[in-house]
Amino acid sequence: MAVPLLDITRQHQPIIEDLRSVFNKALETSRFIKGPEMEQLEKEFAAYCGTERAIGCASGTDALILALMAVGVRPGDFVLTTPFTFFASAGAVVRAGGTPLFLDILPDTYNIDPELLSEWLTDNCMVTNRGVVHKGNGTRIGAVMPVHLFGQLADMDRIMSICNDWQIPVVEDACQAVGAKWSDKKAGSLGTAGCFSFFPSKNLGALGDGGMVTTDDPEIAERIVSLREHGGRGYIHEEVGFNSRLDAIQAGFLRIKLAHLESWHKGRRRNARFYEKAFRSLGNVTTPLIRKEAWSIYNQYTIKAADRDGLLNYLRERSIGCAIYYPLPLHLQKCFECLGYSDGDFPVSEAVSKEVISIPVFGELSEEELTEVASTIKEFYADKG
Ligand SMILES: *Cc1c(COP(=O)(O)O)cnc(C)c1O
């Protein structure tokens, strides 16, 4: 039996008439960009995340760029993040004018190691009237950007305590973590700003591209409102911004889907429990470790597997959906050669990129399909002997 990694059609089937009516309404009203649909979504999304404000934009990547600029990242500043993430995390830093400075991850949660962050700041930085700067080269530290990978928040207690001590803004890359919690606080409500993607494969996906920034800070919110529309108000411009607006039709789709998000999370979490049990006695597979403070939304279900590439081929030959997130850590990407990193700089990220494989976890999977995925993986190790 073939099992897809993700089948969004199944998610849309029960709400297809609601989605069609959004499309019809857009055609009738000819309000296509921003407008009341987007404003309603912004209110509902802020309430969902537990923040004062939410500002819609064109993608998760843009949300990161806008948030980094709005919290005060200036050209040349370092932004501290990890190399084991989707490319856009570091790509956005560069597009915001900053320079990614990578720190390694924890081997069990794949999120930034807060002790490395603390050590790096203590060893390399000092506080000046320009903010926190690198002692060696005077580069400012513009922001720290934890990535909540695969649906689990990074250790926000430690990260916020370190960053509050140093007075460095924190931009959460929550693109894979909408609705995920850390001790009852939702992703995007713990840092200075939080960034979300509505790419179709995220837990809350639009029918196209979309993004959102959350914050409690009214000045940051207003700066993003301005930056997303050419850095101005009306035709008066104080700075050069972007064209990064959210379409009314996508906002309408997202409003419909936001109302179902909690029940969709439940489906993914049920499937995660299924795998947890299924692989419990299988020494070749390590299931995801979720910290006791964390409530994961399992945007991906990512296991560590012995002979990962063998398993990958075995599953592909049998049409079981799977993918490697992520095969090449960002410090080893060609476009970041100029940053001067080399192989061996981030041993945990490098090791993990050779061990991980993500398997189907979307909420609409049937028990039969889950059983098929689990038994095919068990078969692979049994065949190997
Ligand atoms: C998806 C994603 C992004 C980018 O979102 P887009 O909407 O595709 O631009 C950024 N960071 C992470 C961690 C992501 O998973």
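All values reported here derive from a predicted model rather than from experimental measurement. First listed ligand is number 1; within each ligand, the first listed atom is number 1.
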Before accepting this row, confirm whether a basic side-chain N of the pair Lys25/Glu28 lies closer than 4.0 Å to the acidic partner's carboxylate O.
->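 Judged by the 4.0 Å cut-off on N to carboxylate O distance, Lys25 and Glu28 do not form a salt bridge.
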
Carboxylate-amine/guanidinium contact Arg273 Glu276, below 4.0 Å |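 Glu276 and Arg273: not salt-bridged.
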
Does ligand 1 have any atom that is closer than 4.0 Å to a heavy atom of Ser89?
->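 For ligand 1, residue contact (heavy atoms, under 4.0 Å) with Ser89 is present.
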
Contact with ligand 1 for His148, non-hydrogen, under 4.0 angstrom |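 Under 4.0 Å: no for His148.
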
Heavy-atom distance under 4.5 Å between the side chains of Asp165 and Leu121, does that happen here?
->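 In short, these two side chains do not touch, never coming nearer than 4.5 Å.
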
Using a strict 4.0 Å cut-off to heavy atoms of [X], name the atoms of ligand 1 that fall inside it.
X      : result
Cys175 : 2 (C), 3 (C), 10 (C), 11 (N), 12 (C), 14 (C)
Val147 : 13 (C)
Gln176 : 13 (C), 14 (C), 15 (O)
Thr85  : 13 (C)
Gly60  : 5 (O), 6 (P), 7 (O), 9 (O)

How far is [atom] from its nearest protein heavy atom, and which residue and atom is that?
atom                    : value
atom 4 (C) of ligand 1  : Thr61 OG1, 3.5 Å
atom 7 (O) of ligand 1  : Ser197 OG, 2.6 Å
atom 14 (C) of ligand 1 : Lys202 NZ, 3.1 Å

Is Asp173 touching ligand 1 with its side chain, its backbone, both, or neither, if touching means heavy atoms under 4.0 Å apart?
->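 For Asp173, only side-chain atoms sit under 4.0 Å from ligand 1.
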
Part of Leu149 within contact of ligand 1 (heavy atoms, under 4.0 Å) |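 Contact part for Leu149 vs ligand 1: neither.
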
Taking the six-membered ring for Trp and the single ring otherwise, decide whether the centroids of [X] and [Y] are under 6.0 Å apart.
X      : Y      : answer
Phe198 : Phe45  : yes
Tyr341 : Phe346 : yes
Tyr110 : Tyr326 : no

Taking the six-membered ring of Tyr48 as reference, does the NZ or CZ atom of Lys186 fall below 6.0 Å from its centre and within a 45° cone about the axis?
->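 Cation-pi check for Lys186 and Tyr48: passes.
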
From the options Lys34, Arg245, Arg228, Arg255, select the one residue that forms a salt bridge (charged side-chain N to carboxylate O under 4.0 Å, His left out) with Glu42.
->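 Among Lys34, Arg245, Arg228, Arg255, the one meeting salt bridge (charged side-chain N to carboxylate O under 4.0 Å, His left out) with Glu42 is Arg228.
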
Does an N or O anywhere in Tyr326 fall below 3.5 Å from an N or O of ligand 1?
->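 Looking only at distances, the answer is no, because the N/O contact criterion of under 3.5 Å is not met.
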
Thr139-Asn137 side chain donor-acceptor pair, cut-off 3.5 Å =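 A pair is found: one side chain offers a donor N or O, the other an acceptor, under 3.5 Å apart.
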
